[in-house]
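A note on names: the letters A, B, ... follow the listed sequences, proteins ahead of strands, and every chain is numbered from 1.
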Amino acid sequence: MALLRPPPWARDNTMRCRRPGPGTSMSRYNFKESEAKWQAAWERGGCFTARDSEPAAQPGAPPKPKYYVLEMFPYPSGRIHMGHVRNYTIGDVIARYKRARGFSVLHPMGWDAFGLPAENAAMERGEPPAEWTHKNIAAMRAQLKMMGLSIDWEREIATCDPSYYKHQQHLFLEFLEHDLIYRRESWVNWDPVDQTVLANEQVVEGKGWRSGAPIERRKLSQWFFKITEFSEDLLQALGRLDRWPEKVRLMQQNWIGRSEGARVYFKIAGRETPLEIFTTRPDTLFGASFCALSPHHPLAAELAASDPDLADFVAECDRLGTSEEAIETAEKKGYDTGLKVLHPFVEGQELPLYVANFVLMDYGTGAIFGCPAHDQRDLDFARKYTLGVLPVVLPPDADAQDFAVGDTAYVGDGRIYNSDFMNGMSVPDAKKAVIARLEAQEMGTGTVQYRLRDWGLSRQRYWGCPIPIVHCPACGPVPVPADRLPVLLPDDVTFDKPGNPLHHHPSWKNTNCPSCGATAERDTDTMDTFVDSSWYFARFCCPQVEDKPLDRDMVDRWMPVDQYVGGIEHAILHLLYSRFFTRGLKRFGYTSIEEPFAGLFTQGMVCHETYRSEAGGWLTPDEIDKRPDGSAVHRDSGNPVTVGRSEKMSKSKSNVVDPEHIIETYGADTARWFMLSDSPPERDMEWTAGGIEGAWRFTQRLWRLIGEAAPNLPPAGAPMPAKMGDAATALRRAAHKTIDGVTRDIEAFRFNRAVAQVYEFTNAVTAFQARGSEDYWALREAFEVLARLTAPMMPHLGEEMWRSLGYADLLVTLPWPEADPALVIDESVTVAVQVNGKLRATIDLPRDTEEAAARERALADPAVQRLVEGKALRKVIVVKNRIVNVVV
RNA sequence: GCGGGCGUGGCGGAACCGGUAGACGCAACGGACUUAAAAUCCGUUUCCCGCAAGGGAGUGGGGGUUCGAGUCCCUCCGCCCGCACCA
């Protein structure tokens, strides 16, 4: 079977399949016509328009409760990819389901439209970023519309639009006014050849991605959000985000990284100013064998000025770039400054002072003391430079006489020893004691330290929101007054030389100081694109408001987002920044809430097998033919192809499948159905040709089934017959169990299980032989259930089925079906019977059979008798409606 | 390196609070229909022994708790995500 070769019926647009089915004349489901028709009908009906005020359904009744469903908005790269299809399908199922459950739903869409790729396109193809971006947005909007998403398109926003970013500039000024933005120097990756600042992603193994030159670090004056002011609050509030995945909360908790420790002042021999270090293990102070400075510590810089070798070492450290990953994975290296620090408690003990590449300037004080016995990094360092290793924490079952540390540091609990006044204490007690002593002797202090750093927002780039600041030689940085916003990005920029086009622009930056009127220059940096995405969810509540960023009433009507859906890769930064921003918005009076996302769901990636030719190059799925045994050959040449493991779809591996092609071949419903059916949504899924074909067959099967049955069904709305036969009742039980199960599964995001239940129920409907009139009534009910339960997932087919069943109204406007509880619970249950924990029989019992009766029935079973005979019963465990375990 | 997660048939997965492992789909195989193919329909399908009845093994590896473990604990292995300037 050809992989992703269009089926014959899709090669031209005519519907040629007119083969009559058994006894009826059937045509194939024409998804193209149908999908376009229902999309138009929904639009005409304004079915997805979010209502800023919702009238009560009946006079006196409460108005519909609101529900805000949001998927992470896309970067307009040009075409949607399967990850988008998955993300927006999940969100759309929820939006449609919640509408059916009687909620007033807001489900908007917009574009995260600033960013580096537009500048890269400009450099590579000479296309202006604005044009490139708008063209991409138009293309992707059309693709998303093909999916049949229930989005209120009237609320569409693009962050690169001045009508969006002028408000962002306004918010910048408010953060500044409230002292939540400040300016300081910080480090960037500098490409000495291209003379430009590089993003971490543009640094590959310490070299610039374009120039290949070893990168350097440079200090620039930049703006920072004071997110650390909220460290404790952001941490504490995680505990209340009970509809967030536990793993995301944990990751954020660790990212914020609250730790209690101490700052300790070490005297440096022959110098006035003591060295201030931070440690989380002050209890191990007596095990210290060295101190180390970050290469960017002011003292390191001072010493390097008169020590060329140290200057070389610092330069070498700089070539690692600014990413923590690169610094932490590099080999641990140090440079002995020759200075000695004095141990605060041990008279006469001198420790060497190193500059070490693994000490981070951004955390603590940029200086540490090393206790090799109880910290792996310190131990590696000590072994390398042959420094002392003195254990001071004795493991519970170790002997003080012979306990020694080899190549593994001991980081566990124990009793303190070798430590003067702390001897015999537990680790927590020792921490308290040593901090008390340090404070009493004014040699240190207990502190709470956070790993979280302030958020640098300045970017030396063109395609971003301009920072509304003017730098005046006399007044310094001066905010652009609110009534002069927006500071517009100029269109006439060139990308012919490296660096920031805003900076090169002949006139843009020239202006006058808003304060004194003197000639001054605009800030030529733009904002980090994470700023754009830190408040777009709030702007969706009032996208048309012009005179202010947000309308409080509207924000409070819709916020918080009840269900946010997006990739796990945003688990930390985007979500944390948005939480911080929302706290700012509350402080400035734009809203009364502070947590933007009440519910969060993180979906997995879409993966696909990879293929390589004999020559080693990657092949795309439609360049190969799959053979029944799973091997593959090149379609044109017939040469063998190596089938590699499934990996995240990416252009570099050529394993991408184009959603538009899929939708044109199989229809949006089929694509959506397969997306939901394959894997649990939080896990990575594998896109397969077989899978989409299976989904395609199912849409056809549903359509055929209902088309064949419809003429024989009682009319729409026919009353339930007074008497129901066994067969009809069994079908009704299946239908109501399916309603119950699918409802639970959608509520719990188990879409793959919801799909499986629909398959199972469809199998039951297919097998059902209707005879009496009550059978046909039950069959109509079954089809109505099928149409309504599948509608959130396959909305077009749902409408089509609903129409086939004789209804004129749009299914999308109808409430969700309710299961009859009496039909959901079975009267009898199958109970497993084990002997010594092994399954030996099953027995059917009336539901809720008492323990004694169940025990008796189990013991009477012949298979059990055979095994139990002649042995003493030791124990019989009965779990009602589940299991009887006989122990002999 | 640090932090977080995942691992079940040939494949994707199901298994509720620790209670019948493999629902459902895909693939494969056998059959029906057809001049033929496609489509469709019916059946089989965790592995091993056995004609069968039946028995044994089995949820990445090893160990533990329990009447009972895919599920809980310890440990090891493999893969994935994030690491602050990609979005």
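- Using a 4.0 Å heavy-atom distance criterion, A/Asp684 is classed as a sugar-phosphate-only contact.
- Residue contacts shown for A/Val876 are absent, as no nucleic acid heavy atom lies under 4.0 Å away.
- Atom CZ in A/Phe674 sits about 9 Å away from atom C1' in B/C26, given to the nearest Å.
- Comparing B/A32 with B/U20, their C1' atoms sit 34 Å apart, to the nearest whole Å.
- For the atom pair CH2 of A/Trp111 and CZ of A/Phe73, the computed distance is 11.0 Å after rounding to the nearest 0.5 Å.
- Residue contacts shown for A/Glu325 include a base, since a base heavy atom lies under 4.0 Å away.
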Between A/Glu328 and A/Arg377, is a salt bridge (Lys or Arg N to Asp or Glu O under 4.0 Å) present by the stated rule, with each step listed? CA-CA 10 Å; A/Glu328 295 258 343; A/Arg377 253 183 341 193; 3.3 Å; yes
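- Under the 90° criterion around 0 for the glycosidic angle, B/C26 counts as anti.
- The pairing partner recorded for B/G43 is B/C29, the criterion being a Watson-Crick or G-U wobble arrangement whose two distances lie under 3.5 angstrom.
- Among the heavy atoms of the strands lying under 4.0 Å from A/Glu760 are primed sugar atoms or P, OP1, OP2 only; no base atom is included.
- If you check every strand for non-hydrogen atoms under 4.0 Å, A/Phe358 touches nothing.
- A ring-centre distance under 6.0 Å is found for A/Phe674 and A/Trp687.
- Taking 3.5 Å as the limit, the base of B/C85 and the side chain of A/Gln460 contain a donor-acceptor pair of atoms between them.
- Separation of the P atoms belonging to B/G54 and B/C6 is 40 Å when rounded to the nearest angstrom.
- A/Thr529 comes within contact range of the sugar-phosphate backbone alone, with a heavy-atom separation under 4.0 Å but no base atom that close.
- Taking the P atom of each, B/G25 and B/U45 are spaced 14 Å apart, rounded to whole Å.
- Using a 4.0 Å cut-off between a side-chain N of Lys or Arg and a carboxylate O of Asp or Glu, A/Lys332 and A/Asp380 do not qualify as a salt bridge.
- Residue A/Ser77 is classed as having no contact, given no heavy-atom separation below 4.0 Å to the nucleic acid.
- Taking 90° from 0 as the syn/anti boundary, the base of B/G9 is oriented syn.
- Here the nucleotide nearest the side chain of A/Ile883, chosen from B/G19, B/G13, B/C81, is B/G19.
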Apply side chain to side chain contact (heavy atoms under 4.5 Å, CB included) to A/Thr133 and A/Trp463, showing your working. CA-CA 10 Å; A/Thr133 304; A/Trp463 193 234; 3.4 Å; yes
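- Of the candidate nucleotides B/G4, B/C85, B/A87, B/C85 has the atom lying nearest to any side-chain atom of A/Asn200.
- Using a 4.0 Å heavy-atom distance criterion, A/Thr842 is classed as a base contact.
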